[in-house]
Amino acid sequence: MTLNRQPISVFDAVSKVVENVSHIDVETVKLEDSYNRYLAEDLTATHNVPLFTRSAMDGFAIRSQDSAKGAEFKVVEEVPAGSMSDYELKEYEAFRIMTGAELPKSADTVVMFEQANVTEDTFTLRKTFEPYDNVAIEGEECEKGEVILHKGSQINPGTVATLATFGYAEVKVYRVPVVGVLSTGSELLEVSDELERGKIRNSNTPMIMAQLERIGVHAKRYNLEEDNLETLLEKIEKMFNEVDAVITTGGVSVGDYDLLPKVYDKLGAEVLFNKVAMRPGSVTTVARAQGKFLFGLSGNPSACYSGFELFARPAILLMQGSTRAFAPFINAKLGEDFKKANPFTRFIRAEIDFIDGTVISKPAGFNKSNAVTSIAKSNGVIVLPGGTRGFEAGDEVQVMMTDVTSGVSHFQVKQ
Ligand code: AMP
Ligand code: MG
């Protein structure tokens, strides 16, 4: 079974993940807890904004028909913010008005203090004024009933302000999925363990937890498992019952002790794909069981990193209804030669910089699939399409901006 894997393109693999996403349930949270969550209902204006026609400046409210260069006005009343007046202005009369105060019905324009020659109770104009100069008109920003943001929008600071404006003390959002992370491999040690011959420390679990944190998910961490079918199956079954999505690392390849394919089999999971035409991480596997995703990422740190960004990130965001679940792809100039040819799409941890108006990307150091330090130095991933030729400095390439958390609506990789 595992030896006969058919590779599918990166784009098709991402599409399969997207097609299989189902929305997670909805909960109501307080406004102050809503930041970074995803709206589960449209945000509708509960009133006009501005709610009433008001002065946009500190100055004098007058009738525009009285305005002319040199015209002299008498100040009859003062209207600070939060007050109002029903006084009927007569010819060449004015209110002294402050920003945010309701514009009295008999006035239609505001002269800024800086636009008037002011004496004690009077002022003269330096120019004429049109109706509604320096005035914010009722409903000019939005009208009652208007949909301001659609469900699936991420709540940013501006959304919080908008919710507050309309009196939403609570808001319906998608629940943050519980995502379990488990690293497998008999060679693995915990971070605090002393190194032993033939063993390495587990760097994947903490890395994925940080990648999850970056998209607003606090992961559920599981302790290491050895390459033993019985205990591994037991652990993943337990995990499966406790979480909304399972991420494992290691054991998806075709080695003698790569046991995840057997685990999927025993769980009765549907394997969406188990070979992707990409390097590193061609063995990356995504499966579904009982409406939950199982992401089987390669144990190689770099492969694990890009596998998460390509498949787990959008799936976890789409589960929450996100309309911008994908890391943006941008075009960049390659900063140095990359001669290694490859039949598969290649993902290279990269340093992206903006120099003299051009985006330059270059590999971030040692770049084999087991590299971990190059991930640390990177702030994006160069994506080279499959083909036999290498690439040269100056070639235009695509870069996946993994570090940009406000994503885009579509996966834009070039094949
Ligand atoms: P695997 O995917 O199990 O075949 O592992 C591929 C390579 O990644 C091996 O060299 C492993 O030792 C290494 N590896 C596996 N899991 C981890 C991990 N959690 N942290 C760091 N390296 C790992
Ligand atoms: Mg292994």
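By convention here, the first residue in the shown sequence is residue 1. No experiment lies behind these values; they were computed from the predicted model shown. Start at 1 and go down the list; that is how both ligands and their atoms are numbered.
For the pair K199 and D193, the salt-bridge criterion is not met [side-chain N within less than 4.0 Å of a carboxylate O]. In summary, E309 and R214 engage in a salt bridge, as defined by a charged side-chain N under 4.0 Å from a carboxylate O. One finds no salt bridge joining R54 and E138 here, because no Lys/Arg side-chain nitrogen approaches an Asp/Glu carboxylate oxygen to under 4.0 Å.
Nearest to atom 22 (N) of ligand 1 among the protein's heavy atoms is I200 CD1, 3.4 Å. At the top of the distance list for atom 21 (C) of ligand 1, counting protein heavy atoms only, stands S203 OG, 3.3 Å. Closest to atom 12 (O) of ligand 1 among all protein heavy atoms lies E187 OE2, 2.5 Å. For atom 19 (N) of ligand 1, the nearest protein heavy atom (residue, atom name, distance) is N202 OD1, 2.8 Å. The single protein non-hydrogen atom nearest to atom 7 (C) of ligand 1 is N300 OD1, 3.2 Å, given as residue, atom name and distance.
The shortest N or O to N or O distance between G299 and ligand 1 is under 3.5 Å. When only interatomic distances are considered, the shortest N/O to N/O separation between S253 and ligand 1 does not fall below 3.5 Å.
Residue contact check: T249 has heavy atoms under 4.0 Å from atoms 19 (N) of ligand 1. Each of the atoms 19 (N) of ligand 1 lies under 4.0 Å from some heavy atom of S183.
Between the side chains of T184 and T248, no donor-acceptor pair of N or O atoms lies under 3.5 Å.
Here atom 17 (C) of ligand 1 lies nearest to N204 when heavy atoms of D258, N204, T284, T205 are compared.
Residue contacts with ligand 1: G251 is included, with a non-hydrogen atom under 4.0 Å away. Residue contact check for ligand 1: G185 places no non-hydrogen atom closer than 4.0 Å to it.
Between A245 and F295, the shortest heavy-atom contact is CB-CE1, 4.4 Å. For the residue pair V408 and P328, the shortest heavy atom distance occurs at CG2-CA, 3.8 Å.
Checked against S64 for a side chain to side chain donor-acceptor pair (under 3.5 Å), the options D133, D108, T109 give a single hit: D108.
A ring-centre distance under 6.0 Å is found for F273 and F311.
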